[in-house]
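Basis for what follows: all heavy atoms, side chains included, without hydrogens, waters or symmetry-related copies. For the single chain, residues carry numbers from 1 onward in sequence order.
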Amino acid sequence: MIQRCLCLLLFALFLAGCTSSLLRPPRDEWPEIGNEFAKSLRWAGPDLAATFFTTDARPAFLTAYGEDRGLRVTNVRHDAAGPAVGDKVQGVLAIEYYRSPSVSIKNARIPLEWSCIEAGRYLPCRWQITTELSRLP
């Protein structure tokens with residue numbers, strides 16, 4: 001009987017440990033999420049990069065950076081302006097680009113504001129860009 005109770009107690013502790021790791025994991029994906037955004041903008045194009053924006057900021061990004069705008073990104077880097085504090089953080093997008101048919105390379109540094117958008121009560125938040133970007137010159 002004691003062995004059964006002990007086994008049941010160990011099983012309950014095991015289950016409690018599993019569920020506690022699933023509830024709201026830490027927000028450790030900053031600043032790596034900025035690097036993923038930069039890679040998707042450079043290599044996958046604006047459609048995938050648009051998924052990093054909030055639903056309010058996404059249309060402005062697609063209007064400014066969509067495929068039909070002739071924008072060609074040659075190099076892009078995301079620099080974190082500091083560690084995440086709370087649910088907001090600043091970053092800077094350093095981008096080298098040209099617009100077809102021109103081949104003159106231009107540089108721009110664009111400040112970005114990221115927010116950790118809550119996905120649900122037990123789900124972790126998701127870092128998304130809240131800055132509404134305008135067309136590059």
* To do: Give the C-alpha distance, both sets of side-chain angles, the deciding distance and a yes or no for side-chain contact (heavy atoms from CB on, under 4.5 Å) between E96 and K106.
  => CA-CA 6 Å; E96 292 180 1; K106 296 180 182 180; over 6 Å; no

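- Residues meeting the side chain to side chain contact (heavy atoms under 4.5 Å, CB included) test with R42, sequence neighbours left out: V73, V76.
- Checked by atom type and distance alone, the side chain of T130 never pairs as donor or acceptor with a backbone atom of W114 at under 3.5 Å.
- The main-chain N or O of I117 is never found under 3.5 Å from a side-chain atom of S115 such that the two would form a donor-acceptor pair.
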* Run the side-chain contact (heavy atoms from CB on, under 4.5 Å) check on R99 and R72 step by step: do they pass? -> CA-CA 6 Å; R99 288 196 183 277; R72 302 293 178 250; over 6 Å; no

Sequence neighbours excluded and cut-off under 3.5 Å, please list the side-chain donor-acceptor pairs for residues 33-41, or say none.
{"unit_1": "E36", "atom_1": "OE2", "unit_2": "K39", "atom_2": "NZ", "d": "3.3"}
{"unit_1": "S40", "atom_1": "OG", "unit_2": "E36", "atom_2": "O", "d": "3.4"}
{"unit_1": "S40", "atom_1": "OG", "unit_2": "F37", "atom_2": "O", "d": "2.8"}

* To do: Would you check, one step at a time, whether the test side-chain contact (heavy atoms from CB on, under 4.5 Å) holds for L112 with L133?
  => CA-CA 9 Å; L112 298 176; L133 298 181; 3.8 Å; yes

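- Summarising the geometry of E132 relative to D56, their closest heavy-atom pair is OE2-O, 3.8 Å, with the distance given to 0.1 Å.
- Summarising the geometry of L136 relative to A108, their closest heavy-atom pair is CD2-CB, 3.8 Å, with the distance given to 0.1 Å.
- Here the CG-CG distance, from L62 to D47, works out to 6.5 Å after rounding to the nearest 0.5 Å.
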* To do: Show the numbers, then the answer: is there a side-chain contact (heavy atoms from CB on, under 4.5 Å) between C116 and W127?
  => CA-CA 4 Å; C116 207; W127 287 106; 3.9 Å; yes

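- The minimum heavy-atom distance linking S104 with Y98 is given by the pair O-CB, 3.3 Å.
- Judged by distance alone, with hydrogens and angles left aside, the side-chain atoms of R58 form a donor-acceptor pair with the main-chain N or O of F53 at under 3.5 Å.
- Both L71 and I110 belong to a single network of hydrophobic side chains, linked directly or stepwise wherever heavy atoms of I, L, V, M, F, W or Y lie under 4.5 Å apart.
- Here A94 pairs with R77, R109 under the side chain to side chain contact (heavy atoms under 4.5 Å, CB included) rule; sequence neighbours left out.
- Taken together through direct or relayed side-chain contacts under 4.5 Å among Ile, Leu, Val, Met, Phe, Trp and Tyr, V92 and I129 form parts of separate hydrophobic clusters.
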